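Here the structure is a predicted model, which means the values were calculated and not measured. Numbering starts at 1 and runs along the sequence shown.
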Amino acid sequence: MRYQWRRQQQSGWTLLLLFALIGAIALTWVGQTSPSVTADAPLAGEEGLEEPEQKLIALTFDDGPRRSTTTELLDGLAQRGVKATFFLIGAQVEANRDVVRRMDREGHQIGIHTYDHVKLTDLSKTDFDAQVEKTRAELVATLDHNDFLLRPPYGMLDDSVKAWAGCPIILWSIDPEDWSDQNADRVVQEVVSQARDGGIILMHDIFPESVDAALRIVDALHAQGYYFCTIEELFDARGIPLEAGQSYWNAYP
């Protein structure tokens, strides 16, 4: 019985040694064929890894509001979650106060494009005020706040315009001249091909073709990773302060 127990004990040790040898061989094989494992890398936004900067662009519209086309545009922007900036004609505000209030309520930014769409250069202070301050008063009466930007018609400005503006002056970096032939296909192609991070797009919300083109531009640039924002949001994101009397064409990084 003792001899038999020893033989059984020896057999047990043999099996244990055999299992240990097989395990060692398996571990060696796994180490040679499996990729090395390291500690978890930080996620985007965590310490050690910077999150890529978002591509930003501002979509702006002049000459509105026009009830039919501007309302259609606002509907399309709302469906896409996009904010834009509208430079309004003062003479058109009174009959479209509800449209202007909707712009403001939905997060769009609003600016002044004079009362009658006239050149602001070489005007007297009285005539300047009749175009800019009168429009400002219409907007204040409509929205009960006064933080409006100025876009001079035709992009024309002089020292007097800068001195009397009373707010930042916003121009543009991309102008497809959508008013010239009202060709939506051409406008989309031109804007998308010229799009650049920090750019400002100039369009007009008074033409059906421009509304169509604008929404197609949004879809195309969204697909390229662009995020649409208001002028204020664009410059805030780039750390560029907007100062009264100063003109701005873009917020290129």
Would you please say whether a donor-acceptor pair under 3.5 Å links the side chains of Q131 and D116? yes
Selection residues 99-110 - residue pairs positive for salt bridge (Lys or Arg N to Asp or Glu O under 4.0 Å), sequence neighbours left out: D75-R102, R102-E106
Residue pairs fulfilling salt bridge (Lys or Arg N to Asp or Glu O under 4.0 Å) with at least one residue in residues 148-173, sequence neighbours excluded: D62-R151
Check ring pair (Phe, Tyr, Trp, His ring centres under 6.0 Å) between Y227 and all other residues, then give those that pass, not counting sequence neighbours. none
Name each donor-acceptor pair under 3.5 Å that joins a side chain in residues 211-218 to protein atoms two or more places apart or in another chain, with its distance.
residue : atom : partner : partner atom : Å
D212    : OD2  : R216    : NH1          : 3.4
R216    : NH1  : D185    : OD1          : 3.0
R216    : NH2  : D185    : OD1          : 2.8

Does any pair with a residue in residues 79-91 pass salt bridge (Lys or Arg N to Asp or Glu O under 4.0 Å), and if so which ones, sequence neighbours excluded? R80-D219
If the condition is side chain to side chain contact (heavy atoms under 4.5 Å, CB included), which residues does S193 pass it with, not counting sequence neighbours? Q189
Sorted by chain and residue number, the ring pair (Phe, Tyr, Trp, His ring centres under 6.0 Å) partners of Y226 (sequence neighbours excluded) come out as none
All ring pair (Phe, Tyr, Trp, His ring centres under 6.0 Å) counterparts of H117, not counting sequence neighbours: H113, Y154
List for me each residue that meets side chain to side chain contact (heavy atoms under 4.5 Å, CB included) alongside E138, sequence neighbours excluded, and say none if there are none. V93, E94, R97, Y115
Indicate every side-chain donor-acceptor pair of residues 242-253 with a distance under 3.5 Å to a residue at least two apart or in another chain.
residue : atom : partner : partner atom : Å
Y248    : OH   : P241    : O            : 3.3
Y248    : OH   : E243    : N            : 2.9
N250    : OD1  : Y252    : N            : 3.1

Contacts satisfying ring pair (Phe, Tyr, Trp, His ring centres under 6.0 Å) that involve residues 60-82 (not counting sequence neighbours) are F61-F86
Donor-acceptor side-chain pairing of T70 and D205 below 3.5 angstrom: yes
Closest heavy-atom pair, L150 versus F87, reported as atoms and distance to 0.1 Å, is C-CE2, 4.0 Å
Can you name the ring pair (Phe, Tyr, Trp, His ring centres under 6.0 Å) partners of F128, sequence neighbours left out? W164
